[in-house]
Amino acid sequence: MKKIFTLIAMLCAAIGMQAQDTWTVAGDKALMGSHWDPSDESNNMTTADNGATYTLVRENVMLEAGNYGFKACPNHGWDGAIGNGGDNAAVTIPENAAYKVVFTLKPETSELSAEATKTGEYVASETVWIVAGAPALLGVEWKGGLPDGAENQMSTTDGTNYTLVKTGCALNIDTPYEFKYVKNESAWHGNAGDGKIGTKDANGNDYPNFKIEVEEPGTYTVTFTLNNETLEASVSLEKTGDAQFGEKTWTICGVEDLCGKGWDPANTDNDMTKVDEGMYELTLYGVSLEGGKEYEYKVAADHSWGESYGEGSENKKFSVETTGVYDVTFSFILATKTLDATAELSTSIKSIKNSFTMNEAIYNLQGQRVKANFRGIAIKNGRKMIVK
């Protein structure tokens, strides 16, 4: 009997060990060796107390003075990742040096910290600068690392002055094209003003993206320059030919519980309908919303992040007072770049959507099926639209 009891205890312990999470630290490349990659097994944490505390030690890490972000990720994924509340955790480096960095995680209390101890002098390597931003400028969309951003790596002959020349860029009027300079695949430098670049301002906020616009549509040669010592940057444009542009498609993107697929500008289910010149609308039916919770969203052009609007460059937010099922209507005015959302408790329109989605039937606002020659506000494929 004693042997059976011991065997059961051993089996329970084995099952507990199998169910134990694997925790990996993902963060800025300079800190972690890979850039925000939760699948990097070299950054797996270890535990000596059956999962109460996890640790990871990185030796001889060359770090410049500044703040470096990181999170602890369970089972090599982002679901359930732990940082500093809803934000990334960070470690502050006071001076350029080689460091030993010890990460500590307590999953039960969601406590994550890092302690950096200087172990040697800083050994500089050649700085890598990549320009990341709108695909119309750079061919690929916001790729600041290698190999994805290799075609936008700036070149240098002296380690100080860096240049990138992009040719054949088709650019349109009334369109801001945004970009940033990315240092060593991890530090994203934005517009600090007066031609200077920087990562974060005195309040710890990211500097905004750089923006350029053209006065007439066409193809352009765009030249980016950067001084690695003074952190001064500039951009020049030279028109080299003509270009024709069609009308843009506008798509709502946002948090997953609001927009279905989440922050996906390629999601054609969330394409807006043009209701008047320069005015667009989309209604999502039967959306479950939590009272008092803020839901973030943006509108993106042509199924990419090359051009997007919210509250300025930030995400737009809205909330409802009471938890329930809502019909959420988004509106966008192109001339003023004004984006809004309103929510009303779902009515019979929601049941129409559930019963007749993905077909060619058209219904009026009373839920009655109408003929193809109907004119006015109608429901088709679960969406409200104006039929002219």
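When reading the values below, keep in mind they use all heavy atoms of this one structure, side chains included, and skip hydrogens, waters and symmetry mates.
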Novice: Are T92 and N67 linked by a side-chain donor-acceptor pair shorter than 3.5 Å?
Specialist: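 There is such a pair (donor and acceptor under 3.5 Å, judged by atom type) between the side chains of T92 and N67.
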Novice: Checking the side chain of N96 only, and the main-chain atoms of Y122 only, is there a donor and an acceptor separated by less than 3.5 Å?
Specialist: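 No; judged by distance alone, with no hydrogens or angles, the pair does not exist.
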Novice: If every non-hydrogen atom of V182 is compared with every non-hydrogen atom of A132, which pair is closest and at what distance?
Specialist: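 That closest heavy-atom pairing would be CG2-CB, 4.0 Å.
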Novice: Suppose we screen for salt bridge (Lys or Arg N to Asp or Glu O under 4.0 Å). Which residues come up paired with K71, at least two apart in sequence or across chains?
Specialist: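 In terms of salt bridge (Lys or Arg N to Asp or Glu O under 4.0 Å), with neighbours along the sequence ignored, K71 is linked to no residue.
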Novice: If you measure from CD on E229 to CG on N161, what distance do you get to the nearest 0.5 Å?
Specialist: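 Here the rounded value is 8.0 Å.
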Novice: Could you list the donor-acceptor pairs under 3.5 angstrom formed by side chains in residues 286-299, with sequence neighbours left out?
Specialist:
| unit_1 | atom_1 | unit_2 | atom_2 | d |
| --- | --- | --- | --- | --- |
| K293 | NZ | D257 | OD2 | 2.9 |
| Y295 | OH | E290 | N | 2.7 |
| E296 | OE1 | N315 | ND2 | 2.7 |
| Y297 | OH | A341 | N | 3.1 |
| K298 | NZ | S313 | O | 2.9 |

Novice: Using the six-membered ring wherever Trp is involved, compare the ring planes of Y162 and W129 and label them parallel, tilted or perpendicular (cut-offs 30° and 60°).
Specialist: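 Plane angle over 60°, so perpendicular.
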Novice: Give, for atom CG of N75 and atom CG of D21, the distance between the pair rounded to the nearest 0.5 Å.
Specialist: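 These two atoms lie 4.5 Å from each other.
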Novice: Can you list the steps and then say if N44 with T24 is a side chain to side chain donor-acceptor pair (under 3.5 Å)?
Specialist: CA-CA 4 Å; N44 284 357; T24 305; 2.7 Å; yes
Novice: Under a single-linkage rule joining Ile, Leu, Val, Met, Phe, Trp and Tyr whose side-chain heavy atoms are separated by less than 4.5 Å, which residues share a cluster with W36?
Specialist: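 Grouped by the 4.5 Å side-chain rule, W78 form the rest of the cluster around W36.
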Novice: Check A30 against S186 and note the closest heavy-atom contact, atom names and distance.
Specialist: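 The pair with the smallest heavy-atom distance is N-OG, 3.9 Å.
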Novice: By the ring-ring contact (aromatic ring centres under 6.0 Å, His included) test, which pairs, at least two apart or in different chains, include something from residues 208-246?
Specialist: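 Sorted result for residues 208-246: F179-F210, F179-F224, Y181-F210.
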Novice: Distance alone, cut at 3.5 Å: any donor-acceptor contact between the side chains of H76 and S39?
Specialist: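 Note: H76 and S39 side chains miss the donor-acceptor criterion.
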Novice: Between atom CG of L171 and atom OG1 of T219, what is the distance when rounded to the nearest 0.5 Å?
Specialist: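 That separation rounds to 8.5 Å.
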Novice: Which pair of heavy atoms, one from C169 and one from A136, lies closest together, and at what distance?
Specialist: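 For C169 versus A136, the nearest heavy atoms are CB-O, 3.5 Å.
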Novice: Report the residues that fulfil salt bridge (Lys or Arg N to Asp or Glu O under 4.0 Å) with K200, sequence neighbours left out, ordered by chain and then residue number.
Specialist: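 Salt bridge (Lys or Arg N to Asp or Glu O under 4.0 Å) check on K200 returns D206.
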Novice: Between D327 and S346, does any side-chain donor sit less than 3.5 Å from a side-chain acceptor?
Specialist: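 Distance-only check passes for D327 and S346.
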Novice: What's the separation between atom NZ in K248 and atom CG in L334, rounded to the nearest 0.5 Å?
Specialist: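 Between atom NZ of K248 and atom CG of L334 there are 7.0 Å.
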Novice: Is there a side-chain contact between L56 and M32 in this structure, where contact means two heavy atoms from C-beta onward sitting under 4.5 Å apart?
Specialist: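 Result yes, sub-4.5 Å side-chain heavy-atom pair found.
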Novice: Is any side-chain heavy atom of V328 closer than 4.5 Å to one of F318?
Specialist: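 Answer yes - side chains close enough.
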Novice: What closest approach, in Å, do P176 and K211 show between heavy atoms, and which atom pair accounts for it?
Specialist: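 The pair with the smallest heavy-atom distance is CB-CD, 4.3 Å.
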Novice: Starting from the C-alpha separation in whole Å, work towards a yes-or-no answer on salt bridge (charged side-chain N to carboxylate O under 4.0 Å, His left out) for K274 and E281.
Specialist: CA-CA 6 Å; K274 184 177 180 180; E281 189 175 277; over 6 Å; no
Novice: Between H303 (side chain only) and A301 (backbone N and O only), is there a donor and an acceptor less than 3.5 Å apart?
Specialist: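 Not confirmed, H303 side chain does not pair with A301 backbone.
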Novice: Enumerate donor-acceptor pairs with a distance under 3.5 Å from any side-chain N or O in residues 231-238 to protein atoms, sequence neighbours excluded.
Specialist:
| unit_1 | atom_1 | unit_2 | atom_2 | d |
| --- | --- | --- | --- | --- |
| E232 | OE1 | T230 | OG1 | 3.3 |
| S234 | OG | T225 | OG1 | 2.5 |

Novice: Can you give me the closest heavy-atom contact between L138 and G133, atom names plus distance?
Specialist: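 Heavy-atom minimum between the residues: CD1-N, 3.1 Å.
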Novice: Would the distance check show the side chain of K316 and the main-chain N or O of L339 forming a donor-acceptor pair, the cut-off being under 3.5 Å?
Specialist: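 Answer holds: yes.
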Novice: Answer yes or no: is there a donor N or O on one side and an acceptor on the other, between the side chain of D28 and the main chain of G69, under 3.5 Å?
Specialist: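 Yes; at least one donor-acceptor contact below 3.5 Å.
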Novice: Calculate, to the nearest 0.5 Å, the distance between atoms CZ and SG belonging to F330 and C253 respectively.
Specialist: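 Result: 10.0 Å between the selected atoms.
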Novice: Contact between L146 and I130 at the side-chain level, heavy atoms closer than 4.5 Å - yes or no?
Specialist: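 Sidechains of I130 and L146: in contact.
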Novice: Please tell me whether N270 and T251 have a donor and an acceptor in their side chains that are separated by less than 3.5 angstrom.
Specialist: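 Checked: N270/T251 side chains show no N/O donor-acceptor pair below 3.5 Å.
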Novice: Only distances under 3.5 Å count here; give the side-chain donor-acceptor pairs of residues 80-88 to other protein atoms, sequence neighbours excluded, each with its distance to 0.1 Å.
Specialist:
none

Novice: Would you call E178 and E307 a side-chain contact if the rule is heavy atoms closer than 4.5 Å?
Specialist: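 Result no, sub-4.5 Å side-chain heavy-atom pair not found.
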Novice: Is there a donor-acceptor contact under 3.5 Å from the side chain of D194 to the main chain of K196?
Specialist: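 No.
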Novice: Among residues two or more places apart or on two chains, list those pairs meeting salt bridge (charged side-chain N to carboxylate O under 4.0 Å, His left out) that have a residue in residues 40-59.
Specialist: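 Every candidate salt bridge (charged side-chain N to carboxylate O under 4.0 Å, His left out) pair involving residues 40-59 fails, so no pair, neighbours aside, qualifies.
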Novice: Under a plain distance cut-off of 3.5 Å, with no hydrogens placed, do S304 and D302 share a side-chain donor-acceptor pair?
Specialist: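 No, no side-chain donor-acceptor pair sits under 3.5 Å.
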Novice: For K183, which residues count as a salt bridge (Lys or Arg N to Asp or Glu O under 4.0 Å) partner, sequence neighbours excluded?
Specialist: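 K183 satisfies salt bridge (Lys or Arg N to Asp or Glu O under 4.0 Å) with E64 only.
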Novice: If we ignore hydrogens and angles and just use 3.5 Å, is the side chain of Y177 paired with the main-chain N or O of N172 as donor and acceptor?
Specialist: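 Answer holds: yes.
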Novice: With sequence neighbours excluded, tell me which residues meet salt bridge (Lys or Arg N to Asp or Glu O under 4.0 Å) with K239.
Specialist: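 In terms of salt bridge (Lys or Arg N to Asp or Glu O under 4.0 Å), with neighbours along the sequence ignored, K239 is linked to E216, D242.
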Novice: Count the heavy atoms belonging to other residues, nucleotides or ligands that lie under 6.0 Å from CD of E95, then report whether that count exceeds 12.
Specialist: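 Yes, enclosed.
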Novice: If you measure from OG1 on T127 to CG on N184, what distance do you get to the nearest 0.5 Å?
Specialist: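 If I round to the nearest 0.5 Å, the distance is 5.0 Å.
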Novice: Applying side-chain contact (heavy atoms from CB on, under 4.5 Å), run through I173 and E215 and close with a yes or a no.
Specialist: CA-CA 6 Å; I173 59 173; E215 296 181 355; 5.8 Å; no
Novice: In the structure I gave you, are the side-chain heavy atoms of T156 and T163 within less than 4.5 Å of one another anywhere?
Specialist: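 No, too far: nothing below the 4.5 Å cut-off.
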Novice: Would you say F332 and V275 make side-chain contact, with heavy atoms under 4.5 Å?
Specialist: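 No - every pair of side-chain heavy atoms lies 4.5 Å or more apart.
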Novice: Under the ring-ring contact (aromatic ring centres under 6.0 Å, His included) rule, collect the residues that match up with H35, sequence neighbours excluded.
Specialist: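 Here no residue qualifies.
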Novice: Find out whether Y280 and S331 are in side-chain contact, i.e. whether some heavy atom of one side chain is under 4.5 Å from a heavy atom of the other.
Specialist: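 Contact flag for Y280/S331 side chains = no.
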Novice: Just grab all the salt bridge (charged side-chain N to carboxylate O under 4.0 Å, His left out) pairs involving residues 161-172, residues at least two apart or on different chains.
Specialist: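 Every pair satisfying salt bridge (charged side-chain N to carboxylate O under 4.0 Å, His left out) with a residue in residues 161-172: E151-K166.
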Novice: For L164 and Q153, work out which heavy atoms get closest and say how close.
Specialist: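 L164 and Q153 have their closest heavy atoms at CD1-O, 4.0 Å.
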Novice: Distance-only, no hydrogens or angles: does the D201 side chain make a donor-acceptor pair with backbone N or O of G204 under 3.5 Å?
Specialist: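 Such a contact is found between D201 side chain and G204 backbone.
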Novice: Can you tell me if T221 and T167 form a side-chain donor-acceptor pair at under 3.5 Å?
Specialist: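 Absent: no donor and acceptor within the cut-off.
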Novice: Output yes when a side-chain donor or acceptor of N203 lies under 3.5 Å from a complementary backbone atom of N205, and no otherwise.
Specialist: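 Not at all, since once roles are kept as given, no pair shorter than 3.5 Å links the two residues.
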Novice: Please evaluate residues N209 and W142 with respect to the criterion side-chain contact (heavy atoms from CB on, under 4.5 Å), reporting the C-alpha separation (whole Å), side-chain torsions for both, the decisive distance (0.1 Å), and the verdict.
Specialist: CA-CA 11 Å; N209 298 333; W142 292 97; 3.6 Å; yes
Novice: Below 4.5 Å, heavy atoms only, C-beta onward: do T199 and W188 meet side chain to side chain?
Specialist: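 Heavy-atom side-chain distance check fails, nothing below 4.5 Å.
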Novice: Side chains of T283 and T329: is there a donor and an acceptor less than 3.5 Å apart?
Specialist: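 Checked: T283/T329 side chains pair up, N/O donor to acceptor below 3.5 Å.
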Novice: Before accepting this row, confirm whether a basic side-chain N of the pair K29/D37 lies closer than 4.0 Å to the acidic partner's carboxylate O.
Specialist: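 Judged by the 4.0 Å cut-off on N to carboxylate O distance, K29 and D37 do not form a salt bridge.
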